[in-house]
Amino acid sequence: MNLILTMILISSLISITLAFVAFWLPQMNPDMEKLSPYECGFDPLGSARLPFSMRFFLIAILFLLFDLEIALLLPLPWSIHLNPLYVLMWAFMIIMLLTIGLIYEWVQGGLEWAE
C-alpha cells in the first residue's frame, strides 16, 4: 500500500510540476501575424475572393474517401469471435474496393498534382 501511495504521489508531483513549467516558461509575444487566422495556406490579410485550386479540393476529397474506407478495416481485429470466412470476405471486399478506386483515379489522372 505504501509503494502505491508513493508512486501516485511522485507521478502527481511530476505532472503538476510539468504543468506549471509549461504554463509559466513560454514567452508570450503575440504580433499581428501570429494572431491572424490560418486558412489552408491562403494569406489571411489578402483578398478573400482569390480563385481556389480545384485540384487541391479533389485531392482533399480523395484523401477523405480513402481514409474513411480504411477506417472500415479497423474493427476487423476485434471481430475474431465471428466467422473467420465472413471476416476475410469483408476485408477482401474493402481492400478490393480501395484498389479499384485507386486504379480508377490513377487512370483518370486524379492523382496528378501538376498538369
Side-chain angles (χ1 to χ4, degrees):
M1 183 67 177
N2 195 13
L3 179 63
I4 294 174
L5 185 63
T6 305
M7 293 301 290
I8 290 174
L9 183 66
I10 289 173
S11 62
S12 298
L13 185 65
I14 290 173
S15 299
I16 291 171
T17 304
L18 288 176
F20 277 119
V21 167
F23 182 73
W24 292 108
L25 189 62
Q27 296 177 358
M28 299 292 216
N29 297 328
D31 58 357
M32 283 304 293
E33 191 164 337
K34 284 184 181 179
L35 293 176
S36 67
Y38 179 73
E39 295 289 335
C40 299
F42 294 112
D43 182 21
L45 303 176
S47 173
R49 301 290 178 219
L50 293 175
F52 184 69
S53 171
M54 187 57 80
R55 183 61 86 196
F56 176 79
F57 176 74
L58 288 175
I59 294 291
I61 293 295
L62 283 175
F63 171 76
L64 286 175
L65 286 174
F66 282 105
D67 195 41
L68 288 176
E69 287 178 359
I70 288 175
L72 292 173
L73 291 171
L74 289 177
L76 289 180
W78 288 278
S79 63
I80 200 76
H81 64 281
L82 297 176
N83 185 1
L85 183 62
Y86 175 73
V87 173
L88 285 175
M89 190 171 67
W90 177 253
F92 180 74
M93 285 174 34
I94 292 175
I95 290 173
M96 285 308 298
L97 181 67
L98 283 171
T99 305
I100 291 170
L102 179 65
I103 291 170
Y104 175 77
E105 287 299 325
W106 196 337
V107 169
Q108 294 295 322
L111 301 176
E112 303 289 331
W113 186 259
E115 295 180 25

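Computed from heavy atoms alone, side chains included, the values below leave out hydrogens, waters and symmetry copies. One-based numbering along the sequence shown.
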Transitive ILVMFWY cluster of Leu18, excluding itself - 4.5 Å side-chain cut-off: Ile10, Ile14

Members sharing Leu3's hydrophobic cluster (side chains within less than 4.5 Å): Met7

Phe66 side, atom CZ; Leu68 side, atom CG - distance, nearest 0.5 Å: 11.5 Å

Pairing residues for Phe23 by the side-chain contact (heavy atoms from CB on, under 4.5 Å) criterion, not counting sequence neighbours: none

Listing, residues 86-106 side-chain donor-acceptor contacts under 3.5 Å, not counting sequence neighbours, or none:
| from | atom 1 | to | atom 2 | distance (Å) |
| --- | --- | --- | --- | --- |
| Thr99 | OG1 | Ile95 | O | 2.8 |

Under 4.5 Å side-chain linkage, directly or through intermediates, the cluster mates of Leu74: none

Residues which pass side-chain contact (heavy atoms from CB on, under 4.5 Å) with Ile8, listed by chain and number, not counting sequence neighbours: Ile4, Ser12

